[in-house]
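Reading through the C-alpha cells given below for one structure.
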Amino acid sequence: MTNHWIDFKNADVILVMGANPASNHPIAMKWVMRAKEKGAKLIVVDPRFTQTASKADLFAPMRSGTDIAFLGGMIKYILDNNLYFKDYVVNYTNAPFLVNADFKGPGELNGLFSGYDEKARKYDKKTWGYQMGEDGMPKKDPTLKSPNCAFQLLKKQYSRYTLDKVSSITGTPKDKLEAVYKLYGSTGKRDKAGTELYAMGWTQHSVGTQNIRAMAIIQLLLGNIGIAGGGINALRGESNVQGSTDQGLLFHLLPGYNATPSASLKDLNAYIEKFTPKTKDPKSVNWLSNRAKYITSYLKAIYGAKATKENDFGFAWLPKIDEGQNASWLMLFDKMFKGQFEGFFAWGQNPACSGANANKTRAALGKLKWMVNVNLFDNETASFWKGPGMNPKDIQTEVFMLPCASSIEKEGSITNSSRLAQWRYKAIEPIGQSKPDAEIMNELFLKVRELYKKGGKFPEPILNLTWNYGKKINIHDVAKEINGYYLEDVYDKKATPPKLLGKKGELCASFVHLQADGTTSCGNWLFSQSYTQKEGKVINMMARRGKTDPTGLGLFPEWAWCWPVNRKVIYNRASVDMNGDPWDQKRPLLKWDAVKEDPVSKKPGVWVGDVPDGPAPPMAKDPGKYPFIMMAEGKGALYGPGLNDGPFPEHYEALECPLEESLMSKQRINPTIKIFGEKEDAFYSCDMRYPYVATTYRVTEHWQTGVMSRHTPWLLEMQPQQFVEMSRELAADKGIKGGDRVKVKSGRGEIFAVAVVTSRFKPFKIGGQTVHQVGMPWCFGWQYPNDPKAGDSANLLTPTVGDANTMIPESKAFMVNVEKA
Amino acid sequence: MATNDKKTKGVLVDLTRCIGCRGCQVACKSWNERSVTPTAVSGSFTNPKQLNADTYTHIRFVENEKDGAPVWSFVKDQCMHCKEPACASACPVGALKKTASGAVTYTFEKCIGCRYCMLACPFYIPKYEWSKVLPWVQKCTFCSERLGEDKQPACVKVCPTGTMFFGNLDDVNGEAEKRIKQNPGKYVNHIYGKEEAGGTSWIYLSAVPFDALGFNMKVMRVKHPDLTWNYISKIPAVVGLVLTAGAVTWAITRRMNAEKGDKS
Amino acid sequence: MKSHSEIKMWTPSTVLFVLLIALGGIVIAYRLLYGLGAATNLNDRFPWGLWIGIDVLGGVAMAAGGFLIAGAVYILNWKKYKPIVRPAILNAFFGYALAATAIMFDIGLPHRIWHPVVMWQIGSVMWVVAIHVVLYTTTLATESSPMVFEKFKMRGALRAVEKIMVPIVLFGILLSVLHQSSLGAVYLITPGKLSHLWYNSSLPTLFLISAIMMGLSMVSLESIISGRAFGHAPDKDILSGLARGVLITTVVYLLAKISFLATGPGIGAAFAGTMEANMYLLEMAVSVLLPLALLAMKSTLESESRLLLVNILVVVGVLINRMNVSIFGVYRDQAATGMSYFPSFMEFIVTLSFISMAVVGFKISVKYFRVLPDPKA
Ligand SMILES: Nc1nc2c(c(=O)[nH]1)N[C@H]1C(S)=C(S)[C@@H](COP(=O)(O)OP(=O)(O)OC[C@H]3O[C@@H](n4cnc5c(=O)[nH]c(N)nc54)[C@H](O)[C@@H]3O)O[C@H]1N2
Ligand SMILES: Nc1nc2c(c(=O)[nH]1)N[C@H]1C(S)=C(S)[C@@H](COP(=O)(O)OP(=O)(O)OC[C@H]3O[C@@H](n4cnc5c(=O)[nH]c(N)nc54)[C@H](O)[C@@H]3O)O[C@H]1N2
Ligand code: SF4
Ligand code: SF4
Ligand code: SF4
Ligand code: SF4
Ligand code: SF4
Ligand SMILES: [Mo]
C-alpha cells in the first residue's frame with residue numbers, strides 16, 4: 001500500500017476493482033463507509049455484484065481477465081477529456097522523458113512491443129530506454145509534444161482503447177464505462193483525491209502486474225499518488241503477509257527487498273554495482289543509491305564478527321540462485337512433480353488446496369521422499385496420501401507433522417498492509433506439544449549446526465551464522481537484530497566536526513545511520529527504527545499504543561510503527577506543489593515552512609506535518625529534490641520499462657479464454673508468460689467442452705483453504721458447502737435451480753458444488769456473442785467436513801500458469817463447464 | 001411495564017451501513033455460548049435460514065432488482081425488545097419481562113413451557129429448545145448482562161461499519177429522525193419499529209422499502225398487550241354481571257316454581 | 001333394561017379404548033423422556049398443534065354443557081333437565097380433565113404446571129386461562145361429588161354439598177363464561193398471524209357462543225349415545241329442548257359470524273378458494289349451515305337419529321373451528337418460511353388416548369355411580 005487503511009476515509013472517490021473488501025477485509029471496509037458518510041463516491045468493478053458492490057454508488061460488471069482493457073479505456077478517456085493533473089504530470093512523472101526513437105508499441109507491432117524474441121518468449125529491452133542528453137540525463141520535453149516523449153507514447157498506446165472496443169472486450173455496457181471514467185476522472189483536480197483498492201482480483205492473472213501498472217498510470221495522471229485519500233492500495237491477505245514479504249519470503253528477495261544474489265555475481269562489489277541504480281540528476285534523491293549500506297549491514301547482522309571487510313562480509317556464504325532462475329511456487333511444484341527434489345517443508349500452508357491445479361500439486365507431493373508439515377492442524381497437505389484418488393500403498397512420501405502454536409500462543413510483531421508493524425503478546429500458553437514457529441526453527445537450526453560441526457560440504461554459511469537467541473528463542477532478540485546495532489561508535493563524517501550518530505552496542509536509530517563499512521548491522525533496513533534506543537532507553541516502537549491524531553487525517557503517528565521511518569503515506573512530497581504548498585488545503589499531509597528553523601540543521605526551512613520523504617526542500621527550492629525518491633530518476637513512472645511484458649500495459653486474454661482471437665490485437669495471450677508443457681498442465685481456450693469463464697474468490701466466513709475455519713462450527717454453519725454462483729440466464733439454459741447439486745469441470749479436474757442462481761451474475765456480450773461467467777469459493781477441502789456435499793478445493797480446476805513478472809497463478813480467469821450432477 | 005425512553009437502551013439498525021460480514025452473528029453466538037444446527041447452501045447465503053434456539057440473530061441476504069440492476073441487502077434479525085412486549089404480556093408466570101435497561105429478558109426457572117410467548121410475538125422471535133427434555137425459550141437477550149456492566153451488546157460492539165447505533169432510546173429515535181432529515185432521498189421515509197407493535201427498542205432504517213426486505217408489514221401499530229388487556233380488564237364487570245344476574249334469576253325462578261307449587 | 005351395575009365393562013370398544021390409553025401412556029412416557037421435539041412435529045413456527053387445538057380448545061368447548069345444564073336446573077329451576085344434570089357435569093369434568101392433562105404434557109416443563117397458581121400475572125390471558133382451569137376443575141369436582149358421597153353413603157358431606165350447590169353452580173357458570181371466552185381471547189394477540197377470517201376483536205364472544213352450541217349438542221349427543229349404550233332411552237322432551245337451545249345459539253352464532261366476516265375481510269374472503277377460505281366454508285357448513293338446515297325441518301325434533309346427526313355436526317363443526325383458529329388460520333402465515341406442520345402419529349395417539357380416557361372414565365362412573373337416573377321400573 002502506498003497509503004494506509006485509515007486513509008481511505010480521506011478519499012473523494014474510491015475505486016474498488018480487483019478486490020471485495022466487504023467480504024475479505026470487513027474491518028477495512030469501515031473506512032470506506034466512513035468516506036461514504038462524508039459524501040465520497042464508491043465505484044466497484046467486478047465480474048459479479050459483490051457485497052462491496054452492494055454499497056457502491058456505481059457498479060460496473062466486467063468479464064474476468066479484462067482489467068487492462070477497462071483501465072486502458074480510462075487512460076484514453078482521461079487524456080481525451082483533459083482530466084489529468086497537468087502540473088503534477090509534467091513535474092512529478094516521467095511524461096516529458098524522451099524514449100528511444102526505435103521503440104515501437106503494440107499498435108504498430110500487432111500486440112507486441114519492439115524487441116520480442118518469440119523463441120525465448122522474452123523481450124530484448126534495448127529499444128525501451130530513454131534518449132540520453134550530453135549531461136548523462138534523459139532528454140525531456142516539458143511541453144509533452146514530442147512524439148517520442150512518454151506522454152505521447154502513452155496517448156498512442158491507448159488511442160486504440162475506444163469505448164466500443166473496450167466494451168466489446170470487457171462486456172461492460174458503454175454507459176457504465178463512461179460513467180466510471182467520468183466519476184473517477186473527476187479526481188484529477190488538485191483538491192480531489194481518488195484511491196484505488198485492489199487485491200487478488202488483479203494479481204491472479206497472467207497479466208497481474210500490468211493490471212496494477214495500468215492503475216498506477218491513472219493515479220499518476222490524476223495526481224493521486226502521495227496524497228491523503230489517494231494512492232494505490234493492495235489489500236493484502238494473510239495477517240502478516242506484508243511482514244513476511246518485507247522479511248524476504250520470496251525466492252528472489254532478501255529481507256528489505258534487496259535482490260537475492262545470483263551465482264554469476266562474483267563478489268559484493270559486483271552485487272552492489274548491479275543493484276545500485278544511478279542517476280546524474282542532482283535533484284533526484286535516488287534512495288537506493290544506499291544499497292551498499294543496506295546489504296553490508298545485512299551481512300553484518302547475519303554473520304556478525306565473522307563478516308569482515310577482508311572476506312567481503314561473507315557475501316560468498318549467501319545462498320545464490322542461478323542466473324535467470326525462477327524458483328516461484330508453480331516452478332517448485334513443477335519440479336517436484338517431475339521428481340526433481342526429495343524433501344519439502346510445508347510450513348504454514350496447505351498447497352494441496354491452495355496451489356493452482358491441485359491435482360498436479362497433490363501428485364507432486366507423492367513424488368517426495370519426505371515432507372514436514374508445520375501446522376496448527378492436520379490438513380489436506382499432510383494427509384494428501386489418503387485423499388481422494390490416492391492409494392496410500394503406492395505413496396512412499398514419509399510425512400512428519402510438527403504441531404505449531406497459533407498466533408495467540410506466541411509473541412512477536414506482525415506487519416499489515418499499511419506497512420504497520422504491531423507488537424502482539426502471547427495470550428495463552430501453546431497447547432499440548434505445539435511450539436511457536438520460531439522455536440521450531442531454532443531447534444531445527446541448532447540441530448543442523450550440530451551436524452555440520454561434524455562435517456559437511458559447505459559448512460561456512462551455517463557455522464558462521466550468528467544465532468544467539470537462546471535455547472528457548474527470545475523473540476525480542478530477533479526483533480532487535482532486524483532493527484540493527486551500531487557495532488562501533490558511528491559518526492556523521494560529513495559534519496564538521498564529525499557528529500556522533502550512535503554509540504557502540506546501541507540499537508540503531510534509523511536506516512539513515514547505516515554504514516557500508518561494517519560498523520553497523522541491520523537485518524532489514526526498512527525496519528531500522530522499529531526497536532530502537534533513545535537516550536540510552538530501549539524502545540519497542542511496534543508496541544506503542546498512542547492514540548493521538550494531530551492532523552485529523554488518521555495518521556496516528558504514535559500507534560505502533562510503520563516503515564519507512566513511520567511515514568504513513570509514501571511519496572508524500574508529491575502531495576505539495578513544487579514550492580512545498582499542499583495541492584489540497586483541506587487534506588495537507590505536508591507543508592514546507594521556509595521560515596521555521598530546521599531543528600537538525602539549525603537553518604530556516606523545514607517540513608511540517610507527517611514524516612516527509614527526506615528532509616530536502618521541495619523541488620523548486622534550492623537544493624530541492626524530486627518527490628519520487630525510490631525511483632532513480634526521481635519521477636513517477638508513467639512509462640515503466642522495468643517489467644518483462646512491456647513498458648505500458650497491453651490487453652491480452654487469459655491463457656484460457658472464450659475467444660479464438662483477442663479483440664485487441666493478433667496477440668491473444670501475454671507473450672512473455674511461461675507455458676508449462678505437461679499433460680497435467682493442459683489448457684483449453686475457446687473449447688466447446690469448457691464454454692464458461694470461471695473465477696474463484698473468498699467468502700467472509702472462511703479463511704483461505706479453510707483449515708482454520710471449516711473446523712469452527714459457527715463459521716461452517718454459515719457457509720457449509722462448496723457452491724458455484726451463476727446467472728439466472730445460464731441456470732435456465734442448463735435447467736439448474738438454486739440449491740441443485742452441480743458438477744463444475746475444467747480441463748484439469750472437477751468438483752461438486754451447490755448452485756446459487758442469482759441476478760448478481762449477468763451474461764456478458766463479448767464481441768457480439770453471449771459469454772457466461774460463473775464463480776466459486778476455494779475454501780473447501782476433502783478432509784473436513786467429512787461430507788461429500790461439502791466439496792473439495794476449487795483449485796482442482798485452476799490452470800498452471802502465472803503472471804509474466806511474479807508467477808502468481810491465474811486463478812481468477814479460466815474456463816469450465818457446469819452440469820447438473 | 002411502562003418504560004422510560006431516556007433511561008432504557010435502544011439500538012438503531014441502519015441497514016444502509018451493513019456489509020453482510022456476519023461478524024454480529026458470530027459475536028452473538030460467542031457471547032451467548034450458542035451451538036449450531038446443520039445447514040445447507042440454497043439459493044441465498046442466509047444460514048441458518050431461520051432464527052432458532054441457538055441463533056438469536058442472523059443476517060438475511062435479500063436480493064432484489066431495481067431497473068434491471070441487482071440490489072443486495074443484508075438484514076439483521078433479532079428480538080425487537082418491544083417497549084410493551086407481547087411476549088411478556090402473554091407469559092402466564094412472568095418468565096419474560098421488560099426490564100429497566102430496555103432488555104426483554106427470560107427467567108427459565110419460572111417458565112412452564114406453554115409457548116404462548118411464541119404465538120404472541122408479532123416478530124416470531126422466541127424460539128424453543130424442542131429437542132431438550134427441560135427446554136428453554138430462547139431469544140436475543142439484548143446482552144442484558146453486558147448492559148448491566150455498561151457495555152454495548154456483543155453484536156453492536158463487533159460491527160465494523162457501525163450499522164448499529166446504540167444508546168438511550170430517546171437518542172436512538174432522535175438519531176433515526178436526524179438521519180432521515182439530513183439525507184434526503186437516501187432512506188425510505190419509515191422508521192421500522194417506531195410504531196410497529198406500539199414501538200420497539202430496536203428500530204430500523206433502510207434505503208429499500210421494508211416490505212421488499214421481508215419485514216413483517218402486518219404487524220399492527222398498537223401496543224400488543226392492549227389487545228388482550230381489553231378483554232382481561234372487562235373480567236370484573238363480567239363477574240359482577242354474571243353473579244348478580246345469576247342470583248337474581250335464581251331468586252325469581254325459585255319463587256315462580258314455589259308459586260307453581262313445586263316442592264323443592 | 002339393565003341396572004347400571006350390570007353394564008358390561010369389557011366390550012370390544014372399551015378394550016380398544018383401553019388399548020389406546022395404554023399406547024398413549026407409552027407415548028407420554030416417551031415425550032417426557034425425550035422431549036417435545038421427539039414426540040411431536042411442533043416447531044418454531046407452529047408452537048401449538050393438535051394437542052392444543054383438539055384436546056385443550058375442543059375439550060373445554062365440549063365441557064360447556066356442564067355449566068349450561070347445571071344453570072338450567074339450579075338457577076333457572078328448569079326441573080325437566082334434572083335427569084341429565086349429573087351426566088352433563090360429569091361430562092364437563094372429563095372434558096376439563098382432558099384439557100388439563102393435555103396441557104400438562106403439552107407444556108415443556110410439566111413439573112412446573114403449578115407455577116401460575118403462585119406466580120400471578122393478571123395481564124396474561126394465559127394466566128387467566130390457567131387459573132380458570134384450576135378453579136373450574138375443582139368446581140366441577142365439587143359439583144360431581146354428591147354421587148360419590150351417595151355411593152359411599154357419606155350423608156353429612158352430601159347434605160353439606162347440596163346446601164351450597166346453588167352458589168357453586170353460579171360460580172361454575174361464571175368461570176365457564178370467563179373461561180370459554182378467554183380461550184378465544186388467547187388469540188387476540190395474534191393480529192396479522194391469524195387469518196382475518198377468524199381474527200377479530202370479538203373472538204372471546206364467538207368462542208363463548210360456539211361453546212354453548214357445542215355444549216348443548218354434546219349433552220344431547222351423549223344422552224343419545226349413553227342411552228343406546230346403556231339401554232336407557234333418553235327423554236324426548238329433553239332432547240327436543242336441547243335441540244331448540246342449539247337452534248337458537250346457532251342462529252345467533254351464524255349472524256355474528258356473518259357480521260364479523262362482512263365488517264372484517266368481507267364476505268368474498270370466504271370464497272377466495274384458498275385453503276383457509278375452504279376450511280372456513282367447511283367449518284361453517286358443518287357447524288352451522290347443515291345443522292340449521294336439519295333443524296329447520298320440524299321432523300328433526302322428533303327423530304332421535306336426526307338429532308344425533310345434528311349434534312355430531314355441531315360438535316365436529318366447532319372442533320373444526322378450534323382447529324381452524326389454532327392451526328389452519330395461521331398456517332399460511334407460518335408456513336411462509338418453509339416450515340410446515342402435520343401432527344405426528346404420536347400426537348394423534350395421545351389425542352385419541354385422552355378421548356378414550358374420557359369415554360372410559362365416563363363409563364366407569366356410570367357403572368359405579370348414580371350418574372344416570374335409575375332406570376324406571
Ligand atoms: N474472510 C477472508 N478474508 C480474507 C481471506 C480469506 O480467505 N477469507 N484471505 C486473505 C488473503 S490471503 C487475500 S490475498 C485477500 C484477497 O482479497 P480479495 O482480492 O478481495 O479476494 P478474492 O475474493 O479472491 O477476489 C476479489 C474479487 O475479485 C473478483 N474478480 C475475479 N476476477 C476478476 C477480474 O478479472 N478482475 C477484477 N477486477 N476482479 C475480479 C472476484 O469476483 C472477487 O470479488 O483476502 C484476505 N482476506
Ligand atoms: N483458486 C485460488 N487459489 C488461491 C487463491 C485464490 O484466490 N484462488 N488465493 C491465493 C492466495 S492470495 C493465498 S495467500 C494462498 C494461501 O495459501 P496457503 O497459505 O497454502 O493456505 P492457508 O489455508 O492460508 O494455509 C495456511 C496454513 O497455516 C496454518 N497456520 C495458521 N497459523 C499458523 C502459524 O502460526 N504457524 C504455522 N506454522 N501454521 C499456521 C493453517 O492451519 C493453514 O493450514 O492461496 C492462494 N490460492
Ligand atoms: S480477520 Fe482480522 S485482519 Fe481480517 S478484517 Fe477481520 S479483524 Fe481485520
Ligand atoms: S420482539 Fe417478540 S420476543 Fe421480542 S420483545 Fe417483542 S414481543 Fe417479545
Ligand atoms: S413458554 Fe415460558 S416464557 Fe413463554 S409464555 Fe410460556 S411460561 Fe412464559
Ligand atoms: S444484543 Fe446480544 S443477544 Fe441480542 S443479537 Fe446482539 S449479541 Fe445477540
Ligand atoms: S457486523 Fe455489522 S456490517 Fe457485519 S453483518 Fe453484522 S450488522 Fe452487518
Ligand atoms: Mo493472499
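As the structure is a prediction and not an experimental result, all values here were calculated from the model. In the text below, chain A, chain B and the rest are named by the order of the sequence lines, each starting its count at 1.
Residues of residues 707-717 of chain A having a heavy atom under 4.5 Å from any heavy atom of chain B, listed by number: A:Pro713, A:Trp714, A:Leu715, A:Leu716, A:Glu717. Within residues 722-736 of chain A, the residues having any heavy atom under 4.5 Å from a heavy atom of chain B are, by residue number, A:Phe723, A:Glu725, A:Arg728.
Checked for salt-bridge contact, B:Glu145 and B:Lys151 miss the test: no charged N lies under 4.0 Å from a carboxylate O. Between A:Lys41 and A:Asp12 no salt bridge is recorded (no basic side-chain N to carboxylate O distance below 4.0 Å). Using a 4.0 Å cut-off between a side-chain N of Lys or Arg and a carboxylate O of Asp or Glu, A:Lys36 and A:Asp57 qualify as a salt bridge. A salt bridge links B:Lys194 with B:Glu177; the closest basic N to acidic carboxylate O contact falls under 4.0 Å. At a threshold of 4.0 Å, the pair B:Arg146-B:Glu149 does not count as salt-bridged, since none of the basic side-chain nitrogens sits closer than that to a carboxylate oxygen.
Other residues, nucleotides and ligands place no more than 12 heavy atoms under 6.0 Å from the NZ atom of A:Lys174. Annotation for B:Asn189: atom CG does not count as buried by contact number, only 12 or fewer foreign heavy atoms lying within 6.0 Å.
Chain B forms the most heavy-atom pairs under 4.5 Å with one residue out of A:Lys789, A:Lys737, A:Glu701, A:Met29, and that residue is A:Glu701. Per-residue heavy-atom pair counts under 4.5 Å with chain A were compared for B:Thr161, B:Thr37, B:Val71, and the maximum is reached by B:Thr37. Ranked by non-hydrogen atom pairs under 4.5 Å with chain A, the options B:Gly23, B:Pro38, B:Ser42, B:Ala207 are led by B:Ser42. No other option in A:Gly738, A:Gly739, A:Pro785 has as many heavy-atom pairs under 4.5 Å with chain B as A:Gly739. Most heavy-atom pairs under 4.5 Å with chain A: of the set B:Gly20, B:Ser30, B:Gly68, this distinction falls to B:Ser30. Of the listed residues (B:Val26, B:Asp54, B:Thr39), the one with the most heavy-atom contacts under 4.5 Å to chain A is B:Thr39. Annotation: maximal heavy-atom pairing with chain B below 4.5 Å, among A:Met33, A:Lys55, A:Lys30, occurs at A:Lys55. Between chain A and the residues B:Ile59, B:Val41, B:Thr46, the most heavy-atom pairs under 4.5 angstrom are made by B:Val41. Heavy-atom pairs under 4.5 Å with chain A were tallied for B:Ser35, B:Pro70, B:Gly162; the largest tally goes to B:Pro70.
Interface remark: A:Ala53 contributes no atoms to any contact with chain B (heavy atom separation under 4.5 Å). Looking at B:Thr16, the atoms closer than 4.5 Å to chain A (heavy atoms on both sides) all sit in the backbone: N, CA, C or O. For A:Thr52, no part lies under 4.5 angstrom from a heavy atom of chain B. For a residue to count as touching a neighbouring chain, one of its non-hydrogen atoms must lie under 4.5 Å from one of that chain's; by this rule B:Cys18 touches chain A with the backbone only.
Aromatic ring centres of B:Trp202 and B:Phe142: separated by under 6.0 Å. Checked against the 6.0 Å centroid threshold, A:Phe764 and A:His772 do not count as a close aromatic pair.
For A:Lys765 and A:Thr770, the side-chain atoms include at least one donor-acceptor pair closer than 3.5 Å.
B:Tyr204 pairs with exactly one of B:Val13, B:Val11, B:Leu12 by the side-chain contact (heavy atoms from CB on, under 4.5 Å) rule, that one being B:Val13.
For the pair B:Arg60 and B:Phe74, the cation does not sit on the ring face, since its NZ or CZ is not both under 6.0 Å from the ring centre and inside 45° of the axis.
Side-chain contact between A:Phe70 and A:Leu177 is present, with at least one heavy-atom pair separated by less than 4.5 Å.
Judged by distance alone, the side chain of A:Ser418 and the main-chain N or O of A:Trp5 form a donor-acceptor pair under 3.5 Å.
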